[in-house]
Student: 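What follows is a structure written as structure tokens; I'll ask about it next.
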Amino acid sequence: NFEVTLEASTGARSRATVSVLVNSVPVGGSCSVNPSSGIATVTRFSISCQDWVDDEPPIRYKFQVMPGDVWLDVSGFQTNPSHSIIFPSVFSTSVNASASLPVRTIIRDALGAESTLELAAAITTPSTSFDQLIGLVSVQSSGDLSTAAVL
């Protein structure tokens with residue numbers, strides 16, 4: 001509580017008391033990416049949070065990734081503490097290229113206080129090249145599946 005006293009030049013006084021709520025950020029939890037590595041366009045990753053507590057529920061979660069220079073939302077704020085996603089090939093067109101994809105979770109209480117947790121997932125580009133995939137589509141269209149086993 002804060003108390004303010006005003007005194008006018010005439011000598012009159014007035015007092016007021018103001019209560020100020022200090023909102024704390026959500027605390028005590030953790031988040032993880034499972035599995036921690038996988039293949040772009042193939043592996044389903046689950047970003048999960050647990051054990052976050054706050055005096056101003058409900059707690060909401062937003063999940064983001066940074067495939068370049070900016071964070072991109074993969075979900076809006078939601079009460080579900082997990083989100084699953086299959087990441088696109090975003091880092092390289094090279095076959096079997098591997099990179100670390102930054103993943104961020106924003107944990108927000110009902111009054112807007114936020115905690116942020118950054119993680120990473122190791123993403124490998126699929127070994128099938130674009131030319132091989134075009135060849136497979138052509139083979140399937142022609143009905144000759146004898147060369148499809150090469151992929």
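All values reported here derive from a predicted model rather than from experimental measurement.
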Student: Over all heavy atoms of both residues, which pair between Asp109 and Leu111 is shortest? Give the atoms and the distance, please.
Tutor: OD1-N, 2.9 Å
Student: Using the salt bridge (charged side-chain N to carboxylate O under 4.0 Å, His left out) rule, collect all pairs that involve residues 34-58, keeping only residues at least two apart or in two chains.
Tutor: none
Student: Looking only at heavy atoms, what is the nearest atom pair of Pro26 and Ala113, with distance?
Tutor: CD-O, 3.5 Å
Student: Evaluate the side-chain proximity of Thr43 to Pro35: yes if any heavy-atom separation is below 4.5 Å, no if none is.
Tutor: yes
Student: Please find the pair of heavy atoms, one from Pro57 and one from Ala110, that lie closest to each other, and give the distance.
Tutor: O-CB, 3.3 Å
Student: Over all heavy atoms of both residues, which pair between Val33 and Ala121 is shortest? Give the atoms and the distance, please.
Tutor: CG1-CB, 3.9 Å
Student: Applying side chain to side chain contact (heavy atoms under 4.5 Å, CB included) between Phe45 and each of Ile86, Val103, Ile123, report the one that passes.
Tutor: Ile123
Student: Is the backbone N or O of Ser46 less than 3.5 Å from a side-chain atom of His83, with the two atoms forming a donor-acceptor pair by type?
Tutor: no
Student: Just so I know, are the side chains of Pro102 and Glu118 near enough to count as touching, which here means a heavy-atom distance under 4.5 Å?
Tutor: no
Student: I'd like to know whether Leu117 forms a side-chain contact (heavy atoms from CB on, under 4.5 Å) with Trp52, so could you lay out the CA-CA distance, the side-chain angles of the two residues, the decisive distance to 0.1 Å, and finally the verdict.
Tutor: CA-CA 12 Å; Leu117 196 60; Trp52 289 92; 4.2 Å; yes
Student: Mind listing the closest non-hydrogen atom pair of Leu72 and Pro67 along with its distance?
Tutor: CD1-CG, 3.5 Å
Student: Which donor-acceptor pairs under 3.5 Å do side chains of residues 58-66 form with protein atoms, sequence neighbours excluded?
Tutor:
{"from": "Lys62", "atom 1": "NZ", "to": "Asp73", "atom 2": "OD2", "distance (Å)": "3.4"}
{"from": "Gln64", "atom 1": "OE1", "to": "Arg104", "atom 2": "NE", "distance (Å)": "2.8"}
{"from": "Gln64", "atom 1": "OE1", "to": "Arg104", "atom 2": "NH2", "distance (Å)": "2.8"}
{"from": "Gln64", "atom 1": "NE2", "to": "Asp73", "atom 2": "OD1", "distance (Å)": "2.7"}

Student: What's the separation between atom CD1 in Ile47 and atom OG in Ser82, rounded to the nearest 0.5 Å?
Tutor: 9.5 Å
Student: List the steps and the verdict of side-chain contact (heavy atoms from CB on, under 4.5 Å) for Cys31 and Leu119.
Tutor: CA-CA 8 Å; Cys31 298; Leu119 309 161; 4.0 Å; yes
Student: Give a yes or no on whether Phe77 and Ile107 share a hydrophobic cluster (residues Ile, Leu, Val, Met, Phe, Trp, Tyr; joining criterion: side-chain heavy atoms under 4.5 Å apart).
Tutor: no
